Undergrad: 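Input: one structure, supplied below.
Hydrogens, waters and symmetry mates are skipped; everything else that's a heavy atom, side chains included, is used. Atoms within a ligand are numbered from 1 in the order they appear, just like the ligands themselves. Every value quoted in this text rests on a predicted model; they were computed, and no experiment measured them.
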Amino acid sequence: MIRIYFAAPTWSEYEPWLPAALTAAGIRAEILLEAPDPALIDYIVYAPSGPLADFRPFTRAKAVLSLWAGVEKIVSNQSLTQPLCRMVDPGLSESMVEYVTGHVLRHHLGMDRHIVNPGRIWDPTPPPLARQRPVAMLGLGELGLACARALQALNFPVQGWSRSAKAIDGLETFHGRDGLREVLSAAQIVVTLLPRTPETENILNAESLAWLPAGAVVINPGRGPLIDDGALLAALDAGRVGHATLDVFRTEPLPQDHPFQAHPGVTITPHVAADTRAPTASTVIAENIRRSEAGEPLLYLVDRARGY
Ligand SMILES: NC(=O)c1ccc[n+]([C@@H]2O[C@H](COP(=O)([O-])OP(=O)(O)OC[C@H]3O[C@@H](n4cnc5c(N)ncnc54)[C@H](OP(=O)(O)O)[C@@H]3O)[C@@H](O)[C@H]2O)c1
């Protein structure tokens with residue numbers, strides 16, 4: 001019997017799913033919501049919103065399994081010596097694809113013109129076709145690539161940018177500073193699906209925002225610090241950026257007095273782009289525990305030096 005410490009505040013969501021997923025994976029486990037004796041715990045299911053900050057007493061734990069895709073709040077925790085796995089969840093990816101395609105289509109089709117039209121003005125100007133609307137996808141990981149594929153399926157010409165050079169069938173990809181300049185220079189819509197690391201902080205700043213064609217739209221469901229807030233506001237005011245749809249912020253909830261709140265060129269969504277879904281995430285956790293117990297490599301291991 002293995003012992004799993006569920007160190008996250010969402011047990012009620014997982015209760016109907018995680019025990020069943022463990023049983024289906026052939027694992028006999030006791031799930032604990034508290035760990036009075038940390039030395040007895042074999043695995044930790046973790047969320048940064050949970051109670052756990054010091055991993056040192058968990059001397060026997062074979063892995064920490066994050067319920068979150070983004071691991072910036074744990075990756076530099078010096079007390080963590082156990083392997084850390086991030087969450088790659090089909091349900092989460094599905095919801096990110098829906099968020100990104102929905103907000104891209106909003107801007108592409110100019111939906112606001114018709115939804116917010118108090119004078120009922122009859123303007124029959126059609127939008128261009130998706131094939132005429134280049135999109136830059138910053139980040140080509142689990143989420144960025146899934147979103148790129150969904151947008152391509154709608155005919156948007158997508159160019160992708162990542163840390164490492166890639167060869168992805170049917171997708172033009174770039175990396176490095178020059179690559180960033182190239183994808184941004186061509187994009188009418190840019191989507192940021194990068195992790196927060198020291199390298200990605202302020203990746204959209206005054207210089208890189210100026211590479212965008214005038215009026216381009218920024219959609220950020222990645223992390224708040226990817227964008228220099230002041231530079232984005234200046235770019236919006238100057239018309240270099242036509243609109244920004246932001247799901248994530250340096251401080252969440254976004255303070256009421258933050259200039260984004262009142263800016264007409266900013267749409268704020270409250271970090272709802274993609275949530276981990278208990279039914280599918282439970283299967284992912286159970287599979288990783290099964291692998292660990294069978295001596296197989298863990299899935300979705302975080303590279304602590306790289307930061308994601
Ligand atoms: N708003 C929400 O509700 C929500 C929900 C879930 C996740 N997220 C955010 O989405 C992020 C992405 O998730 P994911 O699962 O797609 O992550 P992932 O699979 O780890 O992919 C990360 C991508 O970013 C690229 N990247 C990392 N550092 C870079 C750098 N310095 N320069 C250029 N590219 C860089 C990586 O490049 P390589 O491919 O070369 O490694 C990879 O393509 C998460 O970290 C999280 O912050 C937000």
Undergrad: Examine ligand 1 and decide if any of its atoms is less than 4.0 Å from a heavy atom belonging to His175.
TA: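 No, His175 has no heavy atom closer than 4.0 Å to ligand 1.
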Undergrad: Taking a cutoff of less than 4.0 Å between a non-hydrogen atom of the residue and any ligand atom, is Arg196 in contact with ligand 1?
TA: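 Contact check Arg196 vs ligand 1: negative.
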Undergrad: Give the residue, atom name and distance (to 0.1 Å) of the protein heavy atom nearest atom 34 (N) of ligand 1.
TA: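 Protein heavy atom at minimum distance: Arg163 N, 2.9 Å.
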Undergrad: Could you find the nearest protein heavy atom to atom 21 (O) of ligand 1 and give me its residue, atom name and distance?
TA: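 So the nearest neighbour among protein heavy atoms is Gly141 CA, 3.1 Å.
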Undergrad: Does a side-chain heavy-atom distance below 4.5 Å link Thr245 with Tyr99?
TA: yes
Undergrad: Which bit of Arg223 gets closer than 4.0 Å to ligand 1, counting heavy atoms only: side chain, backbone, both or neither?
TA: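 Answer for Arg223: side chain.
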Undergrad: Among all protein heavy atoms, pick the one closest to atom 40 (O) of ligand 1 and tell me residue, atom and distance.
TA: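 Checked against all protein heavy atoms, atom 40 (O) of ligand 1 sits closest to Ser164 OG, 2.5 Å.
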Undergrad: If the cut-off is 4.0 Å to any non-hydrogen atom of His271, which atoms of ligand 1 fall inside it?
TA: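 Near His271, the atoms of ligand 1 are 1 (N), 2 (C), 3 (O).
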Undergrad: Is the closest heavy-atom distance from Thr197 to ligand 1 below 4.0 Å?
TA: no
Undergrad: Considering only protein heavy atoms, which is closest to atom 48 (C) of ligand 1, and at what distance to one decimal place?
TA: Pro221 O, 3.1 Å
Undergrad: Is the closest heavy-atom distance from Tyr99 to ligand 1 below 4.0 Å?
TA: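 The answer is no: ligand 1 sits nowhere under 4.0 Å from a heavy atom of Tyr99.
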Undergrad: Which option out of Asp89, Thr276, Leu143, Asp275 puts a heavy atom nearest to atom 13 (O) of ligand 1?
TA: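 When every heavy atom of Asp89, Thr276, Leu143, Asp275 is considered, Leu143 comes closest to atom 13 (O) of ligand 1.
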Undergrad: Is the shortest distance from a heavy atom of Glu72 to ligand 1 less than 4.0 Å?
TA: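 Judged by the 4.0 Å heavy-atom criterion, Glu72 does not count as contacting ligand 1.
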Undergrad: Show the atoms of ligand 1 that are less than 4.0 angstrom away from any heavy atom in Thr200.
TA: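 Near Thr200, meaning under 4.0 Å from one of its heavy atoms, ligand 1 has 28 (N), 29 (C), 30 (C), 31 (N).
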Undergrad: Would you say the ring centers of Phe249 and His258 fall short of 6.0 Å from each other?
TA: no
Undergrad: Given 3.5 Å as the limit, does a donor-acceptor pair link the side chain of Arg277 with the main chain of Asp275, or not?
TA: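 Flag set: sc Arg277 to bb Asp275 pair under 3.5 Å.
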Undergrad: Check Leu105, Val104, Ile189 against Leu151 for a side-chain contact (heavy atoms from CB on, under 4.5 Å) and give me the one that passes.
TA: Val104
Undergrad: Work out which heavy atom in Ala150 is nearest to a heavy atom in Thr101; give both atom names and the distance.
TA: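 Reported closest heavy-atom pair: CB-CG2, 3.8 Å.
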Undergrad: Mark yes or no for whether Ser208, through its side chain, and Asn205, through its backbone, hold a donor-acceptor pair below 3.5 Å.
TA: yes
Undergrad: Of all the non-hydrogen atoms in the protein, which one sits nearest to atom 5 (C) of ligand 1, and at what distance?
TA: Ala274 O, 3.2 Å
Undergrad: Distance to 0.1 Å, residue and atom name: give those for the protein heavy atom nearest to atom 31 (N) of ligand 1.
TA: Glu199 CB, 3.5 Å
Undergrad: Identify, for atom 25 (C) of ligand 1, the protein heavy atom at the shortest distance, and state residue, atom and that distance.
TA: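 Here the nearest protein heavy atom works out to Leu194 CD2, 3.8 Å.
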